[in-house]
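Shown next, in structure tokens, is the structure this report addresses.
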2 protein chains.
Amino acid sequence: MLDIDNIFEKIKLDGHRLTKIRKAMIGILFADKCLLSASEIRTRLSVSGLSADRTTVYRELGFLLEKNIIKEIRIADRKTYYEIVSPEHHHHLVCTKCNSVQEIVMGNHLKRQEDRIYKKARFKVLAHSLEFYGLCRNCR
Amino acid sequence: MLDIDNIFEKIKLDGHRLTKIRKAMIGILFADKCLLSASEIRTRLSVSGLSADRTTVYRELGFLLEKNIIKEIRIADRKTYYEIVSPEHHHHLVCTKCNSVQEIVMGNHLKRQEDRIYKKARFKVLAHSLEFYGLCRNCR
DNA sequence: TATTTATTGCAACAATGTTGCAATAGACAA
DNA sequence: TTGTCTATTGCAACATTGTTGCAATAAATA
């Protein structure tokens with residue numbers, strides 16, 4: 001899932017259509033390495049000359065989520081953000097001053113915790129969300 | 001912050017009033033050890049005979065957040081939940097089948113990661129959010 | 001070019017959250 | 001107990017996010 005053309009191909013092979021809006025949305029999410037909200041995506045679409053209804057954007061996000069092309073992230077500002085699924089599992093460093101977001105890769109420390117949770121609480125962890133909030137290099 | 005009466009006292013010492021709704025909301029959040037949404041809190045209020053406007057509930061939640069009496073948690077169902085601030089830092093195990101939520105205490109594993117983040121990315125972590133999703137003991 | 005149906009836009013709705021303003025009710029003093 | 005002050009509340013009105021049904025449109029293939 002590194003190349004945008006692989007994504008396009010996969011969608012077609014699954015019997016779906018490569019519409020202008022779909023291609024543009026994937027392109028926007030692919031190009032922009034930070035987190036984007038539904039309304040931000042919609043704004044970028046219209047900036048690039050493609051006006052899409054709110055409904056369409058949400059439905060397309062649902063489609064891309066289902067296809068595991070993007071994933072949803074909720075951070076402390078109460079909004080829902082989306083990002084392209086990347087091969088490397090990562091977390092986010094959210095600057096509470098300038099709102100910038102960086103990615104951070106963290107080894108398998110959590111995996112060990114999850115094993116412990118299973119032993120201790122009999123709870124089978126299938127996924128987790130971890131975000132760090134603080135001050136980025138520039139805002140410190 | 002273990003005793004509800006300490007909370008009441010602190011509020012009065014700060015020059016604020018102990019209204020029926022305020023006391024009831026703190027009582028509800030204090031009694032219920034799981035996460036509650038704004039509308040759930042409002043429902044519980046009216047069940048206990050206190051009808052409060054939506055606005056009032058949100059304003060009171062804002063007040064309690066400011067006073068650091070409660071904190072906000074956002075989990076993957078897109079809702080915002082609240083819980084009493086407890087002395088022990090903990091995380092949540094959210095069952096994706098029955099929606100139950102348990103707390104889990106995790107030592108200082110993340111602290112070590114946060115030091116590493118500072119050294120590596122020059123990002124000063126001030127807070128984090130970590131939730132685990134999976135199947136609880138009963139739903140496995 | 002014609003056909004099929006996935007995708008889109010529109011209208012209408014639901015839930016969550018916010019703001020301004022006038023009315024109400026805690027807390028305290030007399 | 002009563003009066004005063006002002007923190008708190010309710011109401012109306014609004015903004016944002018997200019969803020659903022249905023008819024119109026436009027990709028993909030023959």
Side-chain angles (χ1 to χ4, degrees), chain A residues 5 7-28 35-46 48-67 69-82 99, chain B residues 5 7-28 35-46 48-67 69-82 99:
Chain A
D5 290 321
I7 297 177
F8 292 160
E9 205 173 328
K10 182 173 178 280
I11 287 172
K12 292 205 72 173
L13 286 175
D14 279 3
H16 294 283
R17 296 175 186 173
L18 277 182
T19 62
K20 286 181 202 162
I21 291 175
R22 176 163 292 161
K23 283 182 85 168
M25 277 182 62
I26 296 171
I28 287 165
L35 305 176
L36 290 171
S37 69
S39 63
E40 282 163 356
I41 292 168
R42 194 162 171 239
T43 303
R44 300 213 182 188
L45 279 172
S46 73
S48 73
L50 269 177
S51 81
D53 192 78
R54 200 169 58 247
T55 311
T56 303
V57 173
Y58 282 113
R59 275 199 277 234
E60 186 61 26
L61 288 170
F63 172 83
L64 297 173
L65 282 169
E66 222 173 62
K67 293 285 170 201
I69 292 167
I70 61 172
K71 59 182 212 164
E72 244 180 16
I73 285 115
R74 254 165 290 282
I75 61 173
D77 69 352
R78 282 194 182 127
K79 285 202 209 154
T80 304
Y81 291 92
Y82 301 89
N99 291 317
Chain B
D5 290 321
I7 296 177
F8 291 161
E9 204 173 328
K10 183 174 178 280
I11 287 172
K12 293 205 69 174
L13 285 174
D14 280 3
H16 292 282
R17 296 176 186 172
L18 278 182
T19 62
K20 286 179 203 163
I21 291 175
R22 175 163 293 160
K23 283 182 86 168
M25 277 181 63
I26 296 172
I28 287 165
L35 305 176
L36 291 172
S37 69
S39 62
E40 283 163 355
I41 292 168
R42 195 164 170 236
T43 302
R44 300 212 182 187
L45 280 172
S46 72
S48 72
L50 269 176
S51 80
D53 193 77
R54 199 168 60 249
T55 311
T56 303
V57 173
Y58 283 113
R59 274 198 278 233
E60 186 61 26
L61 288 170
F63 172 84
L64 296 173
L65 282 169
E66 224 173 61
K67 292 286 169 201
I69 292 168
I70 61 171
K71 60 182 211 164
E72 244 180 16
I73 286 117
R74 254 166 289 282
I75 61 173
D77 68 352
R78 283 195 180 124
K79 283 203 211 154
T80 304
Y81 292 91
Y82 301 88
N99 291 317

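Quick note: numbers below take in every heavy atom, side chains included, and nothing from hydrogens, waters or symmetry partners. Labels below follow one simple rule: chain letters A, B, ... track the order of the sequence lines, proteins then strands, and each chain is numbered from 1.
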### Query
Is the distance from OP1 or OP2 of D:dT19 to the nearest side-chain N or O of A:Tyr58 less than 4.0 Å?
no
### Message
Heavy atoms only, 4.0 Å cut-off, all strands: where does B:Ser37 land among base, sugar-phosphate and nothing?
### Response
nothing
#### Entry: N/O (side chain, A:Lys20) to phosphate O (OP1/OP2, D:dA26) under 4.0 Å
no
### Query
According to a strict under-4.0 Å criterion, is B:Thr19 in side-chain N/O contact with OP1 or OP2 of D:dT8?
no
### Query
Is a donor-acceptor pair below 3.5 Å formed from side chain B:Arg59 to base D:dG10, judging by atom type as modelled?
yes
### Task
Find the distance B:Met25:CE to D:dT9:P and express it as a whole number of Å.
9 Å
## Note on the structure
A:His16 atom NE2 is separated from C:dT4 atom C1', nearest whole Å, by 15 Å
### Task
Could you work out which one of C:dA27, D:dG10, C:dC10 sits closest to the side chain of B:Leu18?
C:dA27
### Message
Let's see if you can work this out: which of D:dG18, C:dT18, C:dG26 has an atom nearest to the side-chain heavy atoms of A:Thr80?
### Response
D:dG18
#### Entry: Beyond-backbone contact of A:Leu61 with A:Ile41, side-chain heavy atoms, under 4.5 angstrom
yes
### Rounded distance (Å) that lies between atom C1' of D:dT19 and atom CZ of A:Phe63
19 Å
### Query
Just how far is it from atom CZ of A:Arg78 to atom CZ of B:Arg74, taken to the nearest 0.5 Å?
6.0 Å
### Message
If you only use heavy atoms from C-beta on, which nucleotide in D:dT19, D:dT8, C:dT7 is closest to the side chain of A:Arg54?
### Response
D:dT19
## Note on the structure
Closest to the side chain of A:Arg17, out of D:dA26, D:dA13, D:dT9, is D:dA26
#### Entry: Rounded distance in Å - CD (B:Glu72) to P (C:dT16)
14 Å
### Query
Just how far, in rounded Å, is P of C:dT5 from CG of A:Asp14?
18 Å
### Separation of D:dT25 C1' from A:Ile21 CD1 (nearest whole Å)
11 Å
### Task
Measure the distance from CG on A:Leu50 to P on D:dA26 and round it to the nearest whole Å.
12 Å
### Message
From the set D:dA7, C:dC10, D:dG18, return the single nucleotide nearest to any side-chain atom of A:Asp53.
### Response
C:dC10
### Task
Report the distance from atom CG of B:Asn99 to atom CG of B:Leu35, rounding to the nearest 0.5 Å.
11.0 Å
### Query
Taking the side chain of A:Thr55 as heavy atoms from C-beta outward, which of C:dA11, D:dC11, D:dT9 is closest to it?
C:dA11
## Note on the structure
Heavy atoms of B:Lys10 and B:Lys67 approach each other most closely as NZ-O, 3.4 Å
### Task
Just compare C:dG17, D:dG18, C:dT7 and give me whichever is closest to any side-chain atom of B:Arg78.
D:dG18
### Task
Could you tell me the separation between the OH atom of B:Tyr81 and the CG atom of B:Leu36, rounded to the nearest 0.5 Å?
9.0 Å
### Between C:dT8 (C1') and A:Lys23 (NZ): distance, integer Å
18 Å
### Summary
Nearest-nucleotide check on DNA chain D, B:Ala52 vs A:Lys12; residue mapping nearer the 5' end is B:Ala52
### Query
Are the side chain of B:Asp53 and the backbone N or O of B:Thr55 linked by a donor-acceptor pair below 3.5 Å?
yes
